[in-house]
Novice: 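So that we are looking at the same thing, I have put the structure below in structure tokens.
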Amino acid sequence: MDLQKKPSLILQLKSIIQSQKHQSLLLRDLEKEVGFVAKWNFMSIIEKYHSIFHVGGGNGKELPFVTLTRKAEKIASEEGEARNLMEPILVKNLRKLLMLSIDCRVPLEKVEFIGNELGLPQDFKRSLILKYPEYFSIKDINGRTYVNLENWDSSLAVTAHEERFAREGVLQSAGGRKKVRIMKDGNYLGPFAFKMCFAAGFRPNNSYLEELERWQKMEFPSPYLNARRFELADPKARKRVVAVLHELLSLTMEKRMTSAQLDAFHSEYLLPSKLVLCLIKHHGIFYITNKGARSTILLKEAYDGTKLVDKCPMLMFNDKFVALSGRNEISHVTV
């Protein structure tokens with residue numbers, strides 16, 4: 001069951017209605033917007049959620065149409081403020097995405113490929129990239145269009161992993177401890193350790209915990225250092241790859257990407273060829289919804305069950321709008 005399906009349909013239909021000239025969509029035109037098959041899912045949403053969608057017409061004089069209810073319109077009017085709050089976050093995250101890459105540039109089509117995950121607006125090329133020429137530029141290199149980083153900012157070369165430890169005081173306190181042992185859940189207090197969230201049924205034995213402790217203690221180069229400087233055969237470089245994947249997921253709104261999206265960035269971040277095996281090996285850090293071609297990878301520490309812990313302004317707006325349907329909060333995990 002996809003726990004996200006209905007909320008995403010609600011939000012998609014809201015956007016379609018708002019894009020119409022008179023904020024009203026003829027039901028006969030719904031198929032043109034979403035296709036014949038998907039149309040029936042949207043019709044079900046319209047019929048079920050009267051608190052969000054109002055159907056009018058159909059009396060012989062006027063063709064049937066759907067609009068937002070007054071209550072839905074009132075909450076929808078708050079979307080602009082949410083997008084304003086998102087802009088500095090998106091600019092920062094896009095800069096960090098480029099800083100992580102080996103040449104400080106990423107093909108435009110790959111940025112578009114993960115645009116929804118990053119929270120980028122549809123017109124991000126105009127509204128963000130061209131709006132901030134001091135940070136970004138568009139360049140054609142060997143017949144391919146790239147988003148290019150205009151300047152390096154060392155203050156941004158700090159990972160979400162490092163920020164969390166700084167908030168918790170680990171970076172300062174860990175050095176003063178004489179001896180810290182790894183806990184049975186795999187967690188270790190140290191500046192190079194990752195938060196572990198093993199599945200409920202997983203019971204690591206002593207040898208596994210000893211090996212994990214060595215790995216947790218091992219220092220590694222920053223993901224913001226150029227990957228060309230390191231040999232992947234080096235254990236520290238392999239741990240750095242885990243940090244790169246952790247940081248990439250941290251830059252997304254829901255701390256998740258599909259395996260196809262991560263695979264698309266092999267050359268930009270010099271990711272390992274057997275990426276899924278790397279993710280499975282570190283199952284205390286990453287969760288894979290399934291092992292097939294359509295799998296999704298989530299950052300475990302970002303979730304409490306199926307609920308995302310920290311939400312950006314856009315996700316908080318989405319939750320508030322979808323709450324009109326009777327759902328208190330959107331689940332961000334597919335099970």
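Quick note: numbers below take in every heavy atom, side chains included, and nothing from hydrogens, waters or symmetry partners.
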Novice: Do S259 and S295 pair up side chain to side chain, a donor and an acceptor below 3.5 Å, judged on atom types alone?
Specialist: yes

Novice: Looking at every non-hydrogen atom in both residues, tell me the closest pair between L251 and N93 and how far apart they are.
Specialist: O-ND2, 3.4 Å

Novice: Are I297 and L299 connected, step by step, through hydrophobic side chains (Ile, Leu, Val, Met, Phe, Trp, Tyr) whose heavy atoms are closer than 4.5 Å?
Specialist: yes

Novice: Flag yes if Y49 and L25 sit in one hydrophobic cluster, no otherwise; membership is Ile, Leu, Val, Met, Phe, Trp, Tyr, and two members link when side-chain heavy atoms are under 4.5 Å apart.
Specialist: yes

Novice: Any side-chain to backbone donor/acceptor pair from R105 onto Y146? Under 3.5 Å, distance only.
Specialist: no

Novice: Is the backbone N or O of Y208 less than 3.5 Å from a side-chain atom of N205, with the two atoms forming a donor-acceptor pair by type?
Specialist: yes

Novice: If you look only at pairs with a residue in residues 107-116, which of them pass as a side-chain hydrogen bond (donor to acceptor under 3.5 Å, both in side chains), with sequence neighbours excluded?
Specialist: E109-R144, K110-E268

Novice: Counting only N and O atoms by type, is there a donor-acceptor contact under 3.5 Å from the side chain of K311 to the main-chain atoms of M253?
Specialist: no

Novice: Is there a donor-acceptor pair closer than 3.5 Å between any side-chain N or O of S44 and the backbone N or O of W40?
Specialist: no

Novice: Name each donor-acceptor pair under 3.5 Å that joins a side chain in residues 270-283 to protein atoms two or more places apart or in another chain, with its distance.
Specialist:
none

Novice: Do the numbers put K14 on top of the ring of F321, so that NZ or CZ is under 6.0 Å from the six-membered ring centre and no more than 45° off the axis?
Specialist: yes

Novice: Counting distance only, does the side-chain N/O of T145 pair as donor-acceptor with the main-chain N or O of L108 below 3.5 Å?
Specialist: no

Novice: Quick one: does T69's side chain have a donor or acceptor within less than 3.5 Å of a partner on H54's backbone?
Specialist: no

Novice: Between the side chain of E33 and the main-chain N/O of L30, is any donor-acceptor distance below 3.5 Å?
Specialist: no

Novice: For a ring-ring contact (aromatic ring centres under 6.0 Å, His included) with F220, tell me which candidate from W215, F194, F230 qualifies.
Specialist: F194

Novice: State, without any angle test, whether Y132 and E150 hold a side-chain donor-acceptor pair at a distance under 3.5 Å.
Specialist: no

Novice: Taking T289 for the side chain and T296 for the main chain, is one N or O donor matched with an acceptor at less than 3.5 Å?
Specialist: yes

Novice: Counting only N and O atoms by type, is there a donor-acceptor contact under 3.5 Å from the side chain of Q23 to the main-chain atoms of Q18?
Specialist: yes

Novice: Under 3.5 Å, is there a donor-acceptor pair between the side chain of E301 and the main chain of I285?
Specialist: no

